[in-house]
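The chains referred to below are lettered A, B, ... by the order of the sequence lines, with proteins before strands, and numbering in each begins at 1.
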Amino acid sequence: MAYVSYICGPVVEVALEGESVKLYELAYVGDAALVAEVVEVSKNRAVLQIYENSEGMRLKEPVRFSGEMFCAYLGPGLLGTVFDGIQRPLEKIGDKIEKGTAVYSLDTKTSYRFIPSVSVGQMVKEGEFIGEVMEYGLVHRLTLPPGVEGEAVYVASEGEYAILEEILRIDNGFSMTMVQKMPLRAPRPFVTRESPKELLVTGQRIIDFLFPIAKGGTASIPGGFGTGKTILQQTLAKWSDADVIIYVGCGERGNEMTEVLEEFPELNDPRSGKKLIERTVLIANTSDMPVSARGASILLGLAIAEYYRDMGYHVALMADSTSRWAEAMREISGRLNELPAEEGFPAYLASNIAAIYERAAMVGTLGGKIGSVTIVGAVSPPGGDLSEPVTRNTRRYTNAFWALDRGLASARFFPAINYSQSYSAYAEMLKEWWIEIDEKAIELREWMLELLQEDSSLQKIVKLLGSEALPEEQKLTVEVASLIKEVFLQQNAFDPVDAYSSPQRVLKMAAIIKTVHHLWTRCHKEEKIPVDVLKSQPVITEFARSKYEITNEELGRYDELHEKIVKNYENLIQEYGG
Amino acid sequence: MFIEYKGALSIKGNLLFFETVAGVGYGEKVVVKYGGREIYGRVAALGEKVTLIEMLGETHGIGVDDLQVRFSGEPFKIAVDESMLGRAFDAFGEPVDAIGPIIAKKRVDIAGSAYNPARRLHPKEAVNTGISAIDGLNTLLKGQKLPIFALSGVSTDELVAQIVRQIKSGTEKSAVLFAAIGIKHENAEYFLKNIMASGQRHKTALFLNRADEPSVNSLLLARSALTLAEYLAFEKEYDVVVVLYDMANYCDALREVSAKREEIPSRKGYPGYMYSDLASIYERAGIFKEKKGSLTQIPVLTMPDDDITHPIPDLTGYITEGQIVLDRGLHQAGIYPPVNILPSLSRLMNKGISKVHQREANQLYAAYAKAKRAQMLASIVGEEEISEIDKSYLKFAKVFEREFVSQGNYENRSLEHTLETGWRLLRMLPDSELTRLKPEDIEEFIDGSEEQNGASRA
Ligand SMILES: Nc1ncnc2c1ncn2[C@@H]1O[C@H](COP(=O)(O)OP(=O)(O)OP(=O)(O)O)[C@@H](O)[C@H]1O
Ligand SMILES: [Mg+2]
C-alpha cells in the first residue's frame, strides 16, 4: 500500500506501490485519514496537498487513493447549511475542527417529496430534468448529470424519499439518487453563453446606478483593511435579487461567519418573504483553518453555484477574500519548490484567477433553462496598494471594479466606493434595462457622473483654500455634488429604510437632485441668490432625511417632496425678485 | 525515559539535519543535547533519510559530533491549571518566579486548533477599561480582538499597564494574562512591578520572554499564554483578557525564523504566511455557545517607522476587529493616552452599547473629524479667516483632546462619567451641527441638561 515518505506542513510525498494515481485525485492520508488532493504524479511517487493539519503524522503511515476526483456533493439540503472548505457541515461538528473528522456533507435522514417529470421508457439525456423536490421555498430540480444518456428503466413514483434513495435508473445500468458528485475543478457544461443584459439589482444606489453588475457578471472589491469589503458583500448577499446566494468566507474571521449565521435566519428576503438563510449556502474556511483548503472553498462554492444555475436560477457568489486564496496558492507553491514570479506568487496566479472568474456567466443550460452565476470577489491588497499582483490580475478578469477608499472609510462615508477609481463595463450593456424602467435614466446617470467629475477637480482648490474661495457658480457645483455624495451615494447598510433602494427609488432620488441643481442654477442666474442661502433651505434637510423615512413602497412621497422643492425655490425667486 | 539518538548530519543556523528515526511525528517536540546544554527543537520536515529539526534556542558553538536528540513523541504542550494565576512563566510555560513548580492535571498542545464558526457566538457585551477613548468611542466587547497600534517612545507601557489594572468584564470570575513578547529588561521590570505587585495579582498571570532570548521563543510564548487562556475561559468559565505585547517583536521573530529556513520572503522580508500565522493567534479570541467564559485579546504592536501600512499593523488590521491607534503629535502635546480617534475603530462596538451611546459616539466622532478639517483650514488661511462655526469647532477639538481623550494614568473613569463628558463637549456646538443625534437626544442631553439650565440661570 502507498505510504507517506516525506512531510512538510500541508505537503506530503507518497511512495507508490503500484497504484495508478491521477492528478487531483482525492486521497486519504495517514491513520487519521486526512483529506488530501494529488497535485503531482510520477511513476512511483506522488505529491499530495493535505486539507487538514498534518501535525503528528509519521512516515510510513498508509495512504488510500479514492479513485475519483475531489468532488462536491450536490443535492437537496445545501441551502441554509454552513460547510467548511471541504464540505463538512459545520453544524454537525464540535467547537473545534478536529482533524480527520468525517461527516457526510448532506443530511441523509430528511426526506423530500419527489415529483417525477419523466417516465419509464422515456429517453433521457444529460442536463434533463427528471423530477423535483421542494427545498425550502425553492423548486429544486433534479437533473441528469453531465455525460449520462439512455432510456429510463426505473423512475421513482411521486412520494417521500431520502436523498440517497434511488430515484432513477437507465438502461445502461446508471442509477441515481438525489445526490450528485461533481469534480470541483471541472466547470459544469452548458449550451450557450448569453450576453449579460439584466441588472443584478443590489439595492445599493452607487452600484446599481453608477457601477452596475449584470447577472452572470463579475466584480471585484479591492480595499485595505476596514474599508468595508465584508459589510458590502454581506449587504449584497442580503439584498441582491438572486435566487440563491453562495457566501464563501475564505481565510477571514470566524466571527463574520457567525454573524451571518446569527443574522440571516432572522432576516426576510424582501422579494420572497422567506428567511434569507433559506436561499443561502455558507462556506467557511476561516483564517485559522488549514490554508490548503482555501482554494477548495472557492471551487466548492462554484460547484454549488453552477448546480443551482443549471436548475434555471440566478446565483450570486461572494468570495471574501480572494487574496487569502491567492496567498494559500503562494504558500503551497513555495512548499512545492516552484519558481516564484512576482512577490513570491507562482507564475500561474493570473491563469488561476481567470479560471475562477471565467466561470461566471449567464447561460442556456443543458436542461433548456436560463441561469446565471455572478461572482463578486473581495481583494485585500497589502497596505491598500492596488498595484499589487492579486488586485492587478483580478482587475484584468473582472468587469466591474469597486475600489474601496481608506479616506472615505475613515470619514465614515459608506459604502466607501471611490467613484473616480471605480468603473463597470456593464453600464453600457445595461442601458436598455434602465431605459425600460425610465427613459430618462441614462441621461440622469450621465449628468451625475459629469457633475461628480467637475466636483473632483474643484475639490483640489477647496482642499487648499476652503470652499469660501470659490466663485458662486463653482460653489454651486460643489454643493450639488455634496448633495449627491451625502444623500445619494452614501447609504447606511444598517438603517432599515436606507439599506435597500429599489431602482425606481434610485431614479426618484437622482431626479430630485437634478431638479435641485436646475433650480439653484436658475436662482443664481436670475436673482443672484447666494449659494449659502440656497443650500440651507429646510426642504433640503427634509430631502436629506427622507432616505431614512420614505420606504420603497411609498415612492409617491418622493413626488410630493419633488413638488415641494420646486415650489420652495420658485417662491424664493419671487421673494428675491420682489 | 525516551531514548537519545545520535545522528546529526549537519547544522545550518538553527536548522539541524538529522538521520531519520522511525516513528517520529511531524511537528513533534524534541530536545537537542550538546555538551551539557539542552535546546528545544521541533520537527520541521520529515523525510525517509533526513529529518529537519528546527532548534528553538541559541545554537552558538554547537557541533555535530556528540550531539544527541531526544524525541518526545508529542507536540509542544504546557501544563494548565487555575493555580497558575498569580504566577510568572517563560515561553515553555515553566514558572520563573521561584515560588515552586505548578501541579497540574492537564497538559495541552499549545498550537490550538481551528474553531468552528458555527459554534461561536457573536460578541455582544462590553468590557470596560476605564479609559474614555476606548469605552466611549471604541468600545471593547467580550470575546473581541482589538489591537493597539503603538509608536516607539510614546507612553505605551503606561497605557498597557493601566488597561491591565483597570479592565473589568463585570463578572466575578475574571483573569488577565499578560504575554510580554521579546521585551527589554527594564520594561519587564516595569510590568512585574506594575502588574504583579498590584492588587490584581491573584487574577493575573505573566508570560515573559526577554529580548535577549532566542527569538523563536517568542513564537511559542504567545501560544503558551493563549493555551492557558483558553483553558481558563472555556473550561473554567473565566472572562479572560489576554494582552500580547509586543506583536511587532513576534513578527520580527517570525521573519528571522523564516529567513533561517531560507523561505521566499514576501513584503519587507516577512514570510508570505504571516497573515495565516497571525490569524492562528488572533482567532483564538471569542465566545462560544454553551460556554460561560470568554477570551478577549488586546494585542499591542509598535508600528515600525510609525507606518500603518507596514506589514505588521497591516496584516494585524486585516485579522482583528478594529484598532486603537496612538499618535505622536498628541503625545507631544502632552495628551495621555495619545489615542488618535479618527483612524481608531472598534468594529464590534455597536453590538454591545446602547443606541444613545451609539449616536453620541457617532456625533463626537463626526464633530472631531470636522474640527480637524477646520484646524487644517485655519493653519492655511489663518484662524481669523475661518467661519464662526469653524471657530467653535476649533475650540471643541482642544477641549475634546484635553478633557475627553486625556485622562490620568491612574484615573479609572466610569462609563457614565465618560458619556457625560461627551455630552458636555457636544454642548459647545450649536444644536444645528448635531445632525447625528435624534431630536430627543438633543432635548435630553443638550438643551435640557442641568448645566445648560445652570448657565442660563447665571
Ligand atoms: N456600509 C457601511 N455602513 C456603516 N459602517 C460600515 C459600512 N461598511 C463598513 N463599515 C464600518 O467599517 C468597518 C469595517 O468594515 P468591513 O469589516 O466590511 O471591512 P473589510 O474591508 O472587510 O476589512 P478587512 O479587510 O479587515 O476584513 C465595519 O465594522 C463598520 O464599522
Ligand atoms: Mg473583511
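The contact between A:Ser380 and chain B is made by backbone and side chain atoms together, counting heavy-atom distances below 4.5 Å. Proximity to chain B (any heavy atom under 4.5 Å) is shown, for A:Glu252, by both the backbone and the side chain. Interface remark: B:Arg261 contributes no atoms to any contact with chain A (heavy atom separation under 4.5 Å). Contacts of A:Phe83 with chain B are absent, with no heavy-atom separation under 4.5 Å from either backbone or side chain. Contact of B:Tyr282 with chain A is not made at all, since no heavy-atom distance falls under 4.5 Å. Interface residue B:Ser344: only backbone heavy atoms are found under 4.5 Å from chain A. For B:Tyr275, the part lying under 4.5 angstrom from a heavy atom of chain A is the side chain only. For chain B, the nearby parts of A:Pro381 are the backbone and the side chain; heavy atoms of each come within less than 4.5 Å. Heavy atoms closer than 4.5 Å to chain B are found in both the backbone and the side chain of A:Leu59. The contact between A:Glu91 and chain B is made by backbone and side chain atoms together, counting heavy-atom distances below 4.5 Å. With a 4.5 angstrom heavy-atom cutoff, A:Lys229 touches chain B only via side-chain atoms. Contact of A:Arg294 with chain B is made through the side chain alone, with heavy-atom distances under 4.5 Å. Interface remark: B:Val24 contributes backbone atoms only to the contact with chain A (heavy atom separation under 4.5 Å). Only the side chain of B:Glu28 comes within contact range of chain A, with heavy atoms under 4.5 Å apart.
Checked by atom type and distance alone, the side chain of B:Gln297 pairs as donor or acceptor with a backbone atom of B:Ile281 at under 3.5 Å. Although no hydrogens or angles enter the test, the distance criterion places a donor-acceptor pair under 3.5 Å between the side chain of B:Tyr26 and the main chain of A:Gly9. In this structure a side-chain-to-backbone donor-acceptor pair under 3.5 Å is missing from A:Arg88 to A:Ile93. Panel note: side chain A:Asp288, backbone B:Tyr115; a donor-acceptor pair is recorded below 3.5 Å. Put simply, the side chain of B:Asp109 never gets that close to the backbone of B:Gly112: no donor and acceptor are under 3.5 Å apart.
In terms of non-hydrogen atom pairs under 4.5 Å with chain B, the most contact-rich of A:Arg253, A:Glu55, A:Lys60, A:Lys96 is A:Arg253. Note: B:Thr320 leads B:Val50, B:Leu315, B:Leu278, B:Thr320 in heavy-atom pairs under 4.5 Å with chain A. Among A:Thr541, A:Asp95, A:Val11, the residue making the largest number of heavy-atom pairs under 4.5 Å with chain B is A:Asp95. Most heavy-atom pairs under 4.5 Å with chain B, from the set A:Arg330, A:Met257, A:Glu61, A:Glu256: that is A:Arg330. Contact count versus chain A (heavy atoms, under 4.5 Å) is highest, among B:Ser276, B:Ala114, B:Ala279, B:Pro343, for B:Ala114. The candidate with the highest count of non-hydrogen atom pairs below 4.5 Å against chain B, out of A:Glu259, A:Glu343, A:Lys463, A:Met289, is A:Glu259. For chain B, the option among A:Gly334, A:Ala411, A:Gly94, A:Ala409 with the highest count of heavy-atom pairs below 4.5 Å is A:Gly94. In terms of non-hydrogen atom pairs under 4.5 Å with chain A, the most contact-rich of B:Ser280, B:Ser387, B:Gly272, B:Pro313 is B:Gly272. For the options A:Lys99, A:Arg324, A:Glu13, heavy-atom pairs under 4.5 Å to chain B are most numerous at A:Arg324. The greatest number of non-hydrogen atom pairs below 4.5 Å with chain A, out of B:Leu345, B:Val43, B:Leu46, is found for B:Leu46. By number of non-hydrogen pairs under 4.5 angstrom with chain A, the leading residue of B:Gly23, B:Ala369, B:Gly286, B:Ser432 is B:Gly23. The candidate from B:Gln323, B:Lys145, B:Arg120 with the greatest count of non-hydrogen atom pairs under 4.5 Å with chain A is B:Arg120.
A:Glu262 and B:Lys124 are not joined by a salt bridge, as no carboxylate oxygen comes within less than 4.0 angstrom of a charged side-chain nitrogen. B:Asp277 has a carboxylate O that lies under 4.0 Å from a charged side-chain N of B:Arg223, or vice versa, which qualifies the two as a salt bridge. Salt-bridge formation is not detected for the pair A:Arg545/A:Glu542: no Lys NZ or Arg NE/NH1/NH2 atom is positioned less than 4.0 Å from an Asp or Glu carboxylate oxygen. By the 4.0 Å N-to-carboxylate-O rule, A:Lys475 lies close enough to A:Asp532 to be salt-bridged with it.
No side-chain heavy atom of A:Glu342 sits less than 4.5 Å from a side-chain heavy atom of A:Leu349. Under the 4.5 Å side-chain criterion, counting only non-hydrogen atoms from C-beta, A:Ile332 is in contact with A:Pro10. Looking only at side-chain heavy atoms (C-beta outward), B:Lys355 and B:Arg359 come within less than 4.5 Å of each other.
Ring to ring, B:Tyr270 and B:His310 are close: their centroids are under 6.0 angstrom apart.
Of the residues listed (B:Lys351, B:Gln144, B:Glu321), the one engaging B:Ser346 in a side-chain contact (heavy atoms from CB on, under 4.5 Å) is B:Gln144, and it is the only one.
By the 30° and 60° cut-offs, the orientation of the rings of B:Phe234 relative to B:Phe288 is perpendicular.
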